[in-house]
Amino acid sequence: MATMRAARLNITDRTLSVTDVPRPTPGPGQVLVRVKAAGVCLSDVHLIDGGLSPLYLKGDTVTLGHEVAGVVEETGPDVVDVSVGDRVALQAGEHDRRGRVLTRGVDYDGGWAEYALAREDTLVPIPDDLPFEQAAIIPDAVSTPWAAVTTTGDVRPAEAVCVWGVGGLGAHAVQLLRLAGAAPIIAADPDEQARERALAFGADVALDSTSADFLTRIGQLTHGRGLDVAFDFAGVPIVREQAVQVLGEHGRLVLVGLTNKPLEVQDGTRFSYLRQQVLGHYGSEGRDVVQLVDLVRAGRLDFSRSISGVFSLEQAPEAVERLQNRVGSPVRLVLRP
């Protein structure tokens, strides 16, 4: 039996190991993709540290990795629109027969491996000049903030926005808000490196959210009107408290960062009077990845600045440790099997 290397997580004891496993064979409607690049996400870190757990995983182990790009190696029966050699990105999940959303690398095996199985309908063709490292991160690292900006936040040109937390997703949110025409774009982060990166990615102003005059500065930058849209990419209670205080009339607070802490609105009367909204956001839809690839193809987006480091598959534990400890304030680390 043919084997391959894969980074597997044991859910019972949260141990990650790179080991030999059987190389999968594509079934009806499936393709086998030779993985060329796979992103390392904070969700992977939280799966390892126990902060997240799979809902629908069959068994105790799973190959991590939901941000994947590669080349079609083999096609199974009934595959009609995909050919061997096609360059593709993989959607970060799929719907099962019961309509449940399953996440690649969480509920079923992902792309931290030499090969990955994928349903034909979860493949997105990518241009020949798009590097695999950049293509791999579009599902999730880019598509999640894109959906938050364009769908949940429904950002319009010239709307005043602030992004709290400009790490892997927040930095892309700044870049995408620039594309959407938001103005001004304010970035908020206590980390100086993150603030400098936000400016490079297109923020008009980058503020230290722990400064005593932080909320006053937002008021000045919005000419007293407050924010049209506030994006919480940090998932920290203090961020949400700050955001509600500086929302303007009809302002929307979009919650992207995940936390199990309660959300409190201190002045409910003011919140209702100004007809503000709190909107939960999670992930993206398949169309978001397709749109982003089209924008890359048209020359509207460039993610070359997003790749903060490339590691071999055998170095997966090291990449996880670097992301967990935010060594170098990375946007995205990528594995290259």
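Every value quoted in this text rests on a predicted model; they were computed, and no experiment measured them. One is the number of the first residue; the rest follow in order along the sequence.
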Do the side chain of Q242 and the main chain of V239 share a donor and acceptor less than 3.5 angstrom apart?
no
If you measure from the Lys or Arg side-chain nitrogens to the Asp or Glu carboxylate oxygens, is any gap between R34 and E114 under 4.0 Å?
no
Could you pull out the closest heavy-atom pair between I185 and G202, with the gap in Å?
CD1-O, 4.0 Å
Count the heavy atoms of every other residue, nucleotide or ligand shown that sit under 6.0 Å from CD of E318, and state whether that count exceeds 12.
yes
All side chain to side chain donor-acceptor pair (under 3.5 Å) counterparts of S329, not counting sequence neighbours:
R197, R326
Less than 4.0 Å between a side-chain N and a carboxylate O, is that true for D189 and R195?
no
Is there any salt bridge (Lys or Arg N to Asp or Glu O under 4.0 Å) pair reaching into residues 284-309, and which pairs are they, with sequence neighbours excluded?
D294-R297
Straight-line distance of T63 OG1 to R5 CZ, nearest 0.5 Å
11.5 Å
Closest heavy-atom pair and its distance - P139, A92:
CB-N, 4.2 Å
Rounded to the nearest 0.5 Å, what separation is found between the SG atom of C41 and the CG atom of L169?
6.5 Å
Distance-only, no hydrogens or angles: does the T151 side chain make a donor-acceptor pair with backbone N or O of A148 under 3.5 Å?
no
Using the side chain to side chain contact (heavy atoms under 4.5 Å, CB included) rule, take V320 and L16 through it: C-alpha gap first, then chi angles, then the decisive distance, then the call.
CA-CA 10 Å; V320 169; L16 177 69; 4.3 Å; yes
The remaining residues in the hydrophobic cluster of V88, counting side-chain heavy-atom contacts under 4.5 Å among Ile, Leu, Val, Met, Phe, Trp and Tyr, are V31, V33, V35, V68, V72, V79, V82, L90, L123
Looking at T269, is its backbone amide N or carbonyl O close enough to the side chain of S272 to form a donor-acceptor pair, meaning the two atoms are under 3.5 Å apart?
no
In this structure, which one of R104, Q30, R23 forms a side-chain contact (heavy atoms from CB on, under 4.5 Å) with L117?
Q30
By side chain to side chain donor-acceptor pair (under 3.5 Å), which residues pair with S83, not counting sequence neighbours?
none
Please confirm whether R87 makes a cation-pi placement over F132, using NZ or CZ under 6.0 Å from the six-membered ring centre and within 45° of the ring normal.
yes
Kindly give the heavy-atom pair with the smallest separation between L301 and F303, and that separation in Å.
CD1-CZ, 3.8 Å
Just checking, is any N or O donor in the side chain of H66 or S43 under 3.5 Å from an acceptor N or O on the other one?
no
Please test V62 against L64 for side chain to side chain contact (heavy atoms under 4.5 Å, CB included), starting from the C-alpha separation and ending with a verdict.
CA-CA 6 Å; V62 63; L64 297 179; 4.2 Å; yes
Does a side-chain N-to-carboxylate-O contact under 4.0 Å join R98 and D96?
no
Which heavy-atom pair separates A113 from M4 by the least distance, and what is that distance?
CB-CE, 3.9 Å
Provide the closest heavy-atom pair for L313 versus P337 in the form atom of the first, atom of the second, distance.
CB-CA, 4.0 Å
Would one find more than 12 heavy atoms of other residues, nucleotides or ligands at under 6.0 Å from atom CD of E321?
no
Please confirm whether H281 and F231 have ring centers closer than 6.0 angstrom.
no
State whether R14 and D49 are salt-bridged, where the test is any N-O pair (Lys NZ or Arg NE/NH1/NH2 against Asp/Glu carboxylate O) under 4.0 Å.
no
For R275 and E249, what are the C-alpha separation, side-chain angles and deciding distance, and is it a side chain to side chain contact (heavy atoms under 4.5 Å, CB included)?
CA-CA 6 Å; R275 287 157 291 176; E249 188 172 7; 2.5 Å; yes
Enumerate the residue pairs fulfilling side chain to side chain donor-acceptor pair (under 3.5 Å) with a member in residues 124-136, sequence neighbours excluded, ordered by first and then second residue.
E133-R336
Residues R225 and E159 bridged, charged N to O under 4.0 Å
no
Taking the side chain from T210 and the backbone from P190, do they hold a donor-acceptor pair closer than 3.5 Å?
no
Do D228 and H250 have a side chain donor and acceptor closer than 3.5 Å?
no
Heavy-atom pair with the smallest gap, counting every atom of K36 and V71:
CE-CG2, 4.1 Å
Check against side chain to side chain contact (heavy atoms under 4.5 Å, CB included), I218 and L207:
CA-CA 9 Å; I218 290 183; L207 304 176; 4.2 Å; yes
Report yes if some heavy atom in the side chain of L274 is under 4.5 Å from a heavy atom in the side chain of L247; otherwise report no.
no
Step by step, work out the side chain to side chain donor-acceptor pair (under 3.5 Å) result for R8 and T19.
CA-CA 7 Å; R8 302 275 289 172; T19 185; over 6 Å; no
Excluding sequence neighbours, so at least two apart, what forms side chain to side chain contact (heavy atoms under 4.5 Å, CB included) with P54?
I11, L47, L57, V106, D107
Looking at T103 and G93, would you say the former's side chain and the latter's main chain have a donor-acceptor pair under 3.5 Å?
no
